[in-house]
Protein chains: 2
Amino acid sequence: MKFDTVTIKDIAKALNLSTSTVSRALRGSYEISPETKKLVLEYAEQINYRPNPIALSLKERRSRAIGVVVSEIANTYFSQAINGIESIAYNKGYHVIITQSHESQEREKVNVQHLVSRSVDGLLVSLSSETSDISFFKELHEKGLPIVFFDRIPDEIETHKVVANNYQGAFDATEHLIFQGFRNIAHITSSAFLSITKERLRGYKNALEKHGIPFNETLIKHCNHGGMIVEEVEEAVNVLQKGENKPDAIFCAGDRITMVCFGIIKELKLNKELGFTGFTNTNLAHLFSPTLTAVRQPAFEIGQVAIEHLIQIIESKRPITKFETKMLDTDLVVRESSINVNKEKIKAKL
Amino acid sequence: MKFDTVTIKDIAKALNLSTSTVSRALRGSYEISPETKKLVLEYAEQINYRPNPIALSLKERRSRAIGVVVSEIANTYFSQAINGIESIAYNKGYHVIITQSHESQEREKVNVQHLVSRSVDGLLVSLSSETSDISFFKELHEKGLPIVFFDRIPDEIETHKVVANNYQGAFDATEHLIFQGFRNIAHITSSAFLSITKERLRGYKNALEKHGIPFNETLIKHCNHGGMIVEEVEEAVNVLQKGENKPDAIFCAGDRITMVCFGIIKELKLNKELGFTGFTNTNLAHLFSPTLTAVRQPAFEIGQVAIEHLIQIIESKRPITKFETKMLDTDLVVRESSINVNKEKIKAKL
DNA sequence: CTGAAAGCGCTAACAC
DNA sequence: GTGTTAGCGCTTTCAG
């Protein structure tokens, strides 16, 4: 250590002991006499000894660090989830290494490889919107690397997963719009193969079905970059607006798409005529104009549950074979943007 | 490597070479014959060999990783800065390890210690709002650890620093409010000892002075937790509102304080009577009601400049003694919140 | 041009 | 109860 030159060797030398004795004393091994222990511990304290985690990692193939892979930290959902992750990890003595895929499959892979080669003890992953091929994760997982997926999860890997109830969230949002009297509800969402996309679409469809509204494929728009590319969303809105089946409301999936789309609608001054809601975890929804009706996920808790499960796998003595998918409830917060100001509210029954 | 068992030793064995030869071949040492090199390289490629960065770090006391310490990633300023950092680091082959202090000095210290013990090659630091004692960083820096400070920088350490022109940003914002006819301008800001606080306060004062408005201490409110604690900001607004010297405008420093304060004002329905502006890098300012006049920092660029300087220090052959503080311009984006709707605009000359 | 050996900091058999 | 030694994966003298 360039900046922390104290090693176990220095202690050994100073105290006229062997490095192994010191090592054992430091970790409180039962074989060491209380006096020696005391001696070593006090001296270590005094010279401010810190074990070198790199040497430890090399030796033990573990690092007490866990790796997190998300698409981008600027997304409030993810920064909240990361805070949840940290809140637990910190207390259990794990360090958290955060990486961003920026919705790129390649970047995601590079990050994971780096994390693995750094001997992280486990991985917390939310897939990038580009990631269709998950064989890479599968291999890692089969080799025994503890992985917990959250938010955007793969079907094909058997491990713990933690998600919001995306189905219900989408169902609630859509039904709310229906209750408001909207009938032509567009849905702008992410890549078709993402788990969250499928679930939300299912919720949307079921709500329509429940209320006897025929599903119309042309009202579904996919932004494959999850809103990272503004033009994709603009295009979606434009096509919808110009189509013969012009929507009277829009329901967006995903933080980024929701925000971008909301901005576009506002730009086009379509607020008055268009009901709007979407998934977002922003804390600023009440400051908008109109204030934004939003489906909110318990991101912090999702992060917490995910890391708890991960640590459980990491610290489990025997290999885990029974995995569960934990689902947490979403919360529809109704504000102005989804209120139907034009039409009279149509009574729909629950 | 549990998940990547291929080591240099395996290659050596398979090719009937010594590990040192393989090592040298892999790194293209001039001493190795072209044939051997080719042999090794191709085989390595074939079995997908990846050097173990942990072993490397242990040996070389460097990691090709740099550590970042910010108060919280949920702050748009920081997530933008981090994206700037990553954009450069990634291309230069460095990995970025992000940590959050959550405005706690202790947490900041723990994070830095961890990063250092992981042999990061350098540190990019924006101080927590609690951090008054920087002797810890000073020691590290004196021992030779490359550190670049950005945003919240310490006076007492001689190294590269990168900041926005906080003075000018505050000056512009304040003067803008003055041009709008506001005279009793409150300033809600962070801990008094933070560099950004001082600079912004200076800008605020100078703008007042320039326009012959007397400075009034009671209009300055410090939120020592940088807006992390909502009550602090509420308290500040309340005291201002109830004071004998009620402000006609508020200028906030810092992303978090600005947002929280804006929310409070809106809650209290003070929007109409109170001019408002503040430092924030949110991309959503135009969606608010009223739309938010903001001082925006070039966060992405600040991150880029910071990492460039850091890498320059890291890779410099001789110790650097000449350090500079780079200052980037802020941008005042005028929207509705700062427009004086009650009083007639008073002509003030530039 | 290539190999043997030491060592980075630490742990864990295996002695004694 | 404590010391000796080997080894984690890699680089780097030092020999040849």
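Every chain is numbered from 1 and lettered A, B, ... according to where its sequence line falls, protein lines coming before strand lines.
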For this session: Would you indicate which nucleotide in dT12(D), dA13(C), dG9(D) comes nearest to any side-chain atom of Arg61(A)?
Result: dG9(D)
Seminar exercise, completed: So, with a heavy-atom separation below 4.0 Å from DNA chain D, the residues of residues 25-39 of chain A are Glu31(A), Ile32(A), Ser33(A), Thr36(A)
Problem set entry | Interatomic distance where NZ belongs to Lys13(B) and C1' belongs to dC10(D) [whole Å] | 15 Å
For this session: Check the distance between dG3(D)'s P and Leu15(A)'s CG and give it to me in whole angstrom.
Result: 10 Å
Exercise. Can you tell if the side chain of Leu41(A) reaches within under 4.5 Å of the side chain of Leu26(A), non-hydrogen atoms only?
Worked result: yes
Exercise. So what does Asn16(A) hit on the nucleic acid, given a heavy-atom distance under 4.0 Å: a base, only sugar-phosphate, or nothing?
Worked result: sugar-phosphate
Exercise. If you measure from the Lys or Arg side-chain nitrogens to the Asp or Glu carboxylate oxygens, is any gap between Arg152(B) and Glu103(B) under 4.0 Å?
Worked result: yes
For this session: Side chain of Lys9(A) only, please: which of dT11(D), dG9(C), dC8(C) is the nearest?
Result: dC8(C)
Exercise. With a non-hydrogen cut-off below 4.0 angstrom, is Leu58(B) in contact with a base, only sugar-phosphate, or nothing?
Worked result: base
Exercise. Starting at CG of Leu56(A) and ending at P of dG9(C), how long is that distance when rounded to a whole Å?
Worked result: 12 Å
Exercise. Are side-chain heavy atoms of Asp121(B) and Pro146(B) found at a separation under 4.5 Å?
Worked result: no
For this session: Give the minimum heavy-atom separation between Val120(A) and Ser63(A), together with the two atoms involved.
Result: CA-OG, 3.3 Å
Seminar exercise, completed: Comparing Arg24(A) with Ile8(B), nearest DNA chain D nucleotide closer to 5' gives the residue Arg24(A)
Problem set entry | Whole angstrom value for the distance that separates C1' of dT5(D) from NZ of Lys59(A) | 11 Å
Problem set entry | Steps toward side-chain contact (heavy atoms from CB on, under 4.5 Å) verdict (Arg107(A), Asn111(A)) | CA-CA 6 Å; Arg107(A) 189 71 175 263; Asn111(A) 287 341; 4.0 Å; yes
Exercise. Which word best sums up how the rings of His95(B) and His114(A) line up, parallel for under 30°, tilted for 30 to 60°, or perpendicular for over 60°?
Worked result: parallel
Problem set entry | Side chain of Asn52(A) - closest among dG9(C), dT11(C), dC10(D) | dG9(C)
Exercise. Glu60(B) side chain: which of dT11(D), dC10(D), dC10(C) is closest?
Worked result: dT11(D)
Exercise. Are OP1 or OP2 of dT2(C) and a side-chain N or O of Ser18(B) less than 4.0 angstrom apart?
Worked result: no
Problem set entry | Enclosure of Glu45(A) CD (heavy-atom neighbours >12, cutoff 6.0 Å) | no
For this session: Write down the distance between CZ (Arg62(A)) and P (dG9(C)), rounded to a whole number of angstrom.
Result: 22 Å
Exercise. What about Ser20(B), does its side chain sit under 3.5 Å from the base of dA4(C) through a donor-acceptor pair?
Worked result: yes
